[in-house]
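Data block below; observations after.
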Amino acid sequence: MDQDKGIRFDWENLSFDLAAMTNSFGSQGQFTVCASGILETFSTDFEPYPNWQIESINLGHFSFFSEVPWITNCVRSALKEKKGVIRISQYEMHAIRISIRDHWGNLIFSAKFDPKYDEVDWIAPCRSSDEEQAISESIKRVLAEAKFEREWKNHVVAKELEAYAHLLSGKITHPKWRDPMLSLLSRKRNS
């Protein structure tokens with residue numbers, strides 16, 4: 001954790017302190033780390049309930065895959081400090097997931113973020129295309145239920161369902177990354 005103390009994030013401008021990250025980030029890195037979650041607008045007299053949607057913000061690019069655990073830990077530390085909230089003008093994004101994508105935008109893997117527990121919980125990717133299909137069907141059902149709840153003005157439940165569907169979608173990694181990530185996660189759990 002001591003190595004993270006020098007890392008500072010500037011959430012207002014949505015950029016890293018690049019001087020502190022010169023060894024990890026390149027201007028055109030092969031991988032992108034992003035935070036995603038629920039982006040809310042504040043309630044007004046005209047709209048008594050906050051409006052929300054799931055959004056993703058690119059936090060930076062890096063060139064070396066071996067830096068992923070360290071970068072993710074830095075992001076986790078910064079999000080914990082802000083209690084998982086990234087404030088952007090009149091909006092707030094409550095981060096729930098950290099994702100790594102390749103330079104084509106393909107999802108490599110994701111982690112669930114919860115500021116209450118100060119943890120990054122890696123989301124295991126689907127083990128097969130059949131499991132991926134089953135997860136995709138589950139996501140569709142959850143989003144249909146969320147839409148129903150939203151129409152009935154049950155905003156709390158709708159938001160929770162949409163967040164759950166977003167976390168489930170973190171299991172659907174690009175097929176070329178599936179086996180390497182499963183191998184990496186099994187080694188991490190065995191150590």
(message) To the nearest 0.5 Å, what is the distance between NE2 on His155 and NZ on Lys153?
(response) 5.5 Å
(request) May I ask you to test the His103-Thr32 pair for a side-chain heavy-atom distance under 4.5 Å? (result) no
(request) Applying side-chain contact (heavy atoms from CB on, under 4.5 Å), run through Cys34 and Asn58 and close with a yes or a no. (result) CA-CA 4 Å; Cys34 61; Asn58 290 345; 3.6 Å; yes
(request) Please report the closest heavy-atom contact between Pro125 and Leu182, naming both atoms and the distance. (result) O-CD2, 3.6 Å
(message) What's the separation between atom CZ in Phe148 and atom CG in Asn154, rounded to the nearest 0.5 Å?
(response) 9.0 Å
(request) Evaluate the side-chain proximity of Asn106 to Arg101: yes if any heavy-atom separation is below 4.5 Å, no if none is. (result) no
(message) For a side-chain contact (heavy atoms from CB on, under 4.5 Å) check, start with the C-alpha distance between Lys112 and Ile96, then their side-chain angles and the critical distance, and finish with the verdict.
(response) CA-CA 6 Å; Lys112 182 170 65 169; Ile96 58 173; 5.9 Å; no
(message) Are more than 12 heavy atoms, taken from residues, nucleotides or ligands other than Lys176, located less than 6.0 Å from that residue's NZ atom?
(response) yes
(message) If you define the side chain from C-beta out and look only at heavy atoms, does anything of Val142 sit under 4.5 Å from Tyr164?
(response) yes
(request) Please report the shortest heavy-atom distance between Ala95 and Phe113, naming the atom on each side. (result) O-CD2, 3.6 Å
(request) Please determine, by modelled atom types, if Ser128 and Arg178 share a side-chain donor-acceptor pair under 3.5 angstrom. (result) no
(message) Strictly distance-based, threshold 3.5 Å: is any side-chain N or O of Lys171 a donor or acceptor partner for the main-chain N or O of Ala124?
(response) yes
(request) Could you grab the distance from atom CG of Asp121 to atom CD1 of Ile98, nearest 0.5 Å is fine? (result) 11.0 Å
(request) Take Met93 and Ile38 through the test side-chain contact (heavy atoms from CB on, under 4.5 Å) and record every step on the way to the result. (result) CA-CA 5 Å; Met93 188 178 91; Ile38 300 166; over 6 Å; no
(message) With no hydrogens and no angle check, just 3.5 Å: does a side-chain donor-acceptor pair link Gln53 and Glu55?
(response) yes
(message) For a 4.5 angstrom cut-off between non-hydrogen side-chain atoms, does Ser110 reach Ile100?
(response) no
(request) Verify the cluster assignment for Ile135 and Trp122: are they in a single hydrophobic cluster under the rule of side-chain heavy atoms below 4.5 Å apart? (result) no
(message) Hydrogens and angles aside, do Ser36 and His166 bring a side-chain donor and acceptor to less than 3.5 Å of each other?
(response) yes
(message) Pairing donors with acceptors under 3.5 angstrom, does anything connect the side chains of Asp102 and Trp177?
(response) yes
(request) Would you confirm whether Ser136, through its side chain, and Glu132, through its main-chain N or O, come within 3.5 Å as a donor-acceptor pair? (result) yes
(message) Side chains of Ile108 and Met181, heavy atoms from C-beta outward: is any pair under 4.5 Å?
(response) yes
(message) Let me confirm one number: the OG-CG distance from Ser169 to Leu107, rounded to the nearest 0.5 Å.
(response) 7.5 Å
(request) Starting from the C-alpha separation in whole Å, work towards a yes-or-no answer on side-chain contact (heavy atoms from CB on, under 4.5 Å) for Leu39 and Ile54. (result) CA-CA 6 Å; Leu39 184 70; Ile54 302 293; over 6 Å; no
(request) Report yes if the side chains of Glu149 and Leu161 come closer than 4.5 Å at any heavy-atom pair, otherwise no. (result) yes
(request) State, yes or no, whether a side-chain contact exists between Thr173 and Cys126 at a heavy-atom distance under 4.5 Å. (result) no
(message) So Ile139 and Ile172, do their side chains get closer than 4.5 Å, heavy atoms only?
(response) yes
(request) Taking only Lys NZ, Arg NE, NH1 and NH2, and the carboxylate oxygens of Asp or Glu, determine whether Lys159 and Glu162 approach each other closer than 4.0 Å. (result) no
